[in-house]
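Below is a structure I'd like to ask you about.
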There are 2 protein chains.
Amino acid sequence: MTATIKDVAREAKVSVASVSRALNGGGGVTPATAQRIREAAARLRYVPHSAARSLITRRTHTIGALLPDLHGEFFSELIRGIDLEARSHGLHLLVSSSHDGEEDAAAALRAMQGRVDGVVLLSSPHVDAAFLKANLPDGLPIVLLNSDVKNGADAVLNIDNFAGTYAMVRHLVDIGHQRIAFVGGPKDNYDARQREAGFRAAMAKFLPGEPVRVLAGDFGESSGYVAARELLAMKSRPQAVFAANDTMAVGCLQAFKEAGLAVPGDIAVAGFDDIPIARYVTPSLSTVRVRIAELGKNAMELLADLMDRPGLSAASVHTLGCDIVVRESCGAHRGGATITTTKKIRRTSNR
Amino acid sequence: MTATIKDVAREAKVSVASVSRALNGGGGVTPATAQRIREAAARLRYVPHSAARSLITRRTHTIGALLPDLHGEFFSELIRGIDLEARSHGLHLLVSSSHDGEEDAAAALRAMQGRVDGVVLLSSPHVDAAFLKANLPDGLPIVLLNSDVKNGADAVLNIDNFAGTYAMVRHLVDIGHQRIAFVGGPKDNYDARQREAGFRAAMAKFLPGEPVRVLAGDFGESSGYVAARELLAMKSRPQAVFAANDTMAVGCLQAFKEAGLAVPGDIAVAGFDDIPIARYVTPSLSTVRVRIAELGKNAMELLADLMDRPGLSAASVHTLGCDIVVRESCGAHRGGATITTTKKIRRTSNR
DNA sequence: AACTTCCATGAAAACGTTTACGTTCGCGCC
DNA sequence: GGCGCGAACGTAAACGTTTTCATGGAAGTT
């Protein structure tokens with residue numbers, strides 16, 4: 001059916017070994033014969049059988065991306081970043097998305113066994129060190145995204161949630177706000193916890209005397225709405241609300257609109273993520289932007305690095321900075337200024 | 001390093017053939033020995049080497065998705081739909097996204113050669129019948145998404161753009177609009193052409209005497225803005241604007257807002273796609289929704305079907321219906337009604 | 001001119017499966 | 001009790017590569 005290396009060898013009147021050498025560039029072949037071989041291969045439309053090659057080289061030239069049940073921009077940008085970088089390394093991308101629950105993720109991870117040379121795994125709450133130990137074939141390079149597992153064995157790449165919230169609080173303080181409330185995210189969510197920690201640290205630093213107001217939320221729009229209504233009922237109403245994600249911030253805007261409050265006139269609002277909607281709501285939402293495609297790209301770079309040097313200890317922690325995007329809702333709109341908290345990736349090897 | 005079938009055979013004191021038979025369920029093995037073999041395999045954490053298996057079975061159990069440079073919801077929903085369905089067939093998903101230009105797509109398609117058992121390809125303007133003929137290894141099952149190639153050889157699955165616009169026009173007419181203008185998309189875009197055709201057909205049908213007003217657009221927000229300003233300058237201003245996608249509709253809203261026109265009071269607006277932003281703009285945007293995940297799922301089902309029966313002629317054309325989503329901007333808001341134009345997939349075999 | 005060195009090339013093993021084909025063995029049938 | 005027969009199981013070939021090793025010859029060195 002399709003041409004094999006033997007056909008090319010016959011066509012070029014050499015042995016299969018020479019064909020392999022000529023096509024893989026290993027050297028040990030005369031320029032003249034190499035040329036003849038390439039021509040023969042082209043004539044027969046020969047393309048190496050990747051399974052046969054993998055069988056002996058033990059490399060698939062494929063990396064796997066294991067993602068939880070994600071939607072929209074985050075998903076697409078992440079894949080885009082990973083894919084682009086993977087391609088530039090000559091690697092293919094095997095995607096397994098929409099995993100809900102530990103069982104599901106474990107099955108997907110096992111199914112990738114032997115089909116990939118490395119894995120980028122975006123954590124869900126149940127993906128912890130024990131999970132990895134149980135389901136990860138050892139020796140398989142892996143990069144963990146947004147994970148709090150520190151098992152001293154794997155490479156971890158995180159969004160700098162802490163620095164992002166910290167910088168946003170600093171900005172809010174800079175433009176004159178003092179009574180700042182925070183709407184948190186799910187308790188089992190790593191990002192949410194980090195963001196809250198950043199908020200608390202910044203408050204302690206910039207407004208030491210001020211009481212710290214943290215409301216519960218779950219990243220959903222309605223939880224932002226509910227939190228906003230709680231704020232409205234407070235005796236001394238905050239001057240600004242900082243929601244742990246944009247979706248909740250949109251919920252806040254809705255509640256304030258209904259209550260007849262002007263944003264940012266009566267109360268300022270800020271979010272986190274810079275989802276596409278952020279620039280379309282009225283007033284447009286000030287937020288913290290995560291460069292997601294860059295996150296994917298960096299993860300892939302990290303993974304490629306790990307794959308290059310087998311045996312090397314992978315243990316390291318990296319963080320990717322965020323940008324503060326100033327729009328209308330925080331009360332300091334000056335034409336869409338963007339403040340970068342961290343330009344470059346920061347490596348924190350833990351050994 | 002990792003256990004092979006030989007190790008399992010030794011452990012269970014049988015031959016490799018029996019191990020293969022027992023694990024693949026082919027029969028010809030005693031329940032007792034099958035059990036012993038399964039235990040041995042589990043004990044050694046044996047997992048079959050997929051490359052070795054592919055080498056001889058000539059199946060990779062992987063399908064490829066080839067996508068142009070997409071963003072956001074469309075991308076993620078499509079992948080989700082494909083992935084979920086693929087998994088239910090026991091297939092893996094190899095993704096190659098962000099292809100710009102013919103060269104790029106061709107390279108990606110060739111690179112998948114031998115790594116996949118089938119392909120789902122979302123067309124870009126330059127992917128036509130000739131492109132496929134040149135770059136598609138023959139015999140490889142493929143499903144074309146949103147494509148106007150009718151080479152009488154491949155399976156094609158399209159969004160029913162025509163029926164979607166048609167139904168929206170009917171709705172606009174139903175609620176009393178007569179002077180309806182349309183903002184088109186890029187000339188080389190298949191969806192855009194279909195949508196415009198649907199608009200013209202509906203106008204001819206429901207408002208035969210009415211002049212057909214079609215303005216140029218390019219799917220970008222600013223082109224919607226520009227088109228809206230043109231509309232404002234017309235002697236007899238239209239009662240409704242129907243943009244070929246939501247992004248342009250948002251541009252229209254912006255222009256009308258600036259001009260001090262009330263939507264839908266002074267002029268109604270409708271879009272196409274139901275992007276997430278559509279429900280957040282004010283007024284919320286009436287639009288035509290494409291069930292993208294379902295599109296991906298259907299494409300995958302179609303492909304699985306093709307892969308099951310090799311040699312079967314694949315030639316067929318399918319269309320997936322859209323939903324009319326009624327929100328505020330069209331002037332007939334009744335609490336978010338949704339009208340389904342076509343519930344089931346429609347098959348149009350062309351032979 | 002004899003010897004070494006080096007390099008291009010070929011032969012063959014190895015990778016881990018599946019599967020066609022043989023062999024063995026138990027069992028029923030006449 | 002011999003015969004055939006089918007089921008269970010083993011042997012070995014095949015899939016298409018890469019890679020090690022051997023071989024030969026040309027070129028270089030003395």
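Since this is a predicted model, take the numbers as computed values, not measurements.
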Side chains of B:Ser97 and B:His99, donor plus acceptor under 3.5 Å: no
Atom-pair distance (CD1 on A:Ile5; P on C:dA12), nearest Å: 17 Å
Sugar-phosphate, base or nothing in reach of A:Thr33, heavy atoms under 4.0 Å: sugar-phosphate
Atom-pair distance (NZ on A:Lys13; C1' on C:dG10), nearest Å: 16 Å
Separation of atom CZ in B:Arg10 from atom P in D:dG10, rounded to whole Å: 14 Å
Nucleotide nearest A:Ala17 when distance is taken to its side chain, options C:dT17, D:dT11, C:dA11: C:dA11
Atom pair distance, as rounded to whole Å: CZ in B:Arg59 and C1' in C:dT19: 17 Å
Interatomic distance, A:Asn24 CG vs D:dT20 C1' [rounded to whole Å]: 16 Å
Closest to the A:Val29 side chain, choosing from C:dG16, C:dT9, C:dA11: C:dT9
Nearest-neighbour nucleotide for the A:Leu55 side chain, C:dC15, C:dT18, C:dA12 considered: C:dC15
B:Ser15 side chain near D:dG10 phosphate (N/O to OP1/OP2, under 4.0 Å): yes
Minimum heavy-atom distance between A:Arg115 and A:Thr62, given as atom pair plus value: O-CB, 3.6 Å
Phosphate OP1/OP2 of C:dT9 contacted by A:Thr30 side-chain N/O (<4.0 Å): yes
Sugar-phosphate only, base, or nothing, as touched by A:Thr57 at under 4.0 Å among non-hydrogen atoms: sugar-phosphate
Given DNA chain C, 5'-ward residue of the pair B:Ala52 and B:Ser18, judged by closest heavy atom: B:Ala52
Distance-only side-chain donor-acceptor flag, B:Arg53 / B:His61, under 3.5 Å: no
Spacing between A:Ile56 atom CD1 and C:dT17 atom P, to the nearest angstrom: 15 Å
Of the listed nucleotides D:dT18, C:dT17, D:dG16, the one nearest the side chain of A:Arg53: D:dT18
Heavy atoms from other residues, nucleotides or ligands near CZ of A:Arg43 exceed 12 (cutoff 6.0 Å): yes
Side-chain N or O of A:Arg58 closer than 4.0 Å to phosphate OP1/OP2 of C:dG16: yes
Under-3.5 Å donor-acceptor pair between A:Arg21 side chain and C:dG10 base: yes
Rounded distance in Å - NZ (A:Lys6) to P (C:dA11): 12 Å
Carboxylate-amine/guanidinium contact B:Asp83 B:Arg80, below 4.0 Å: no
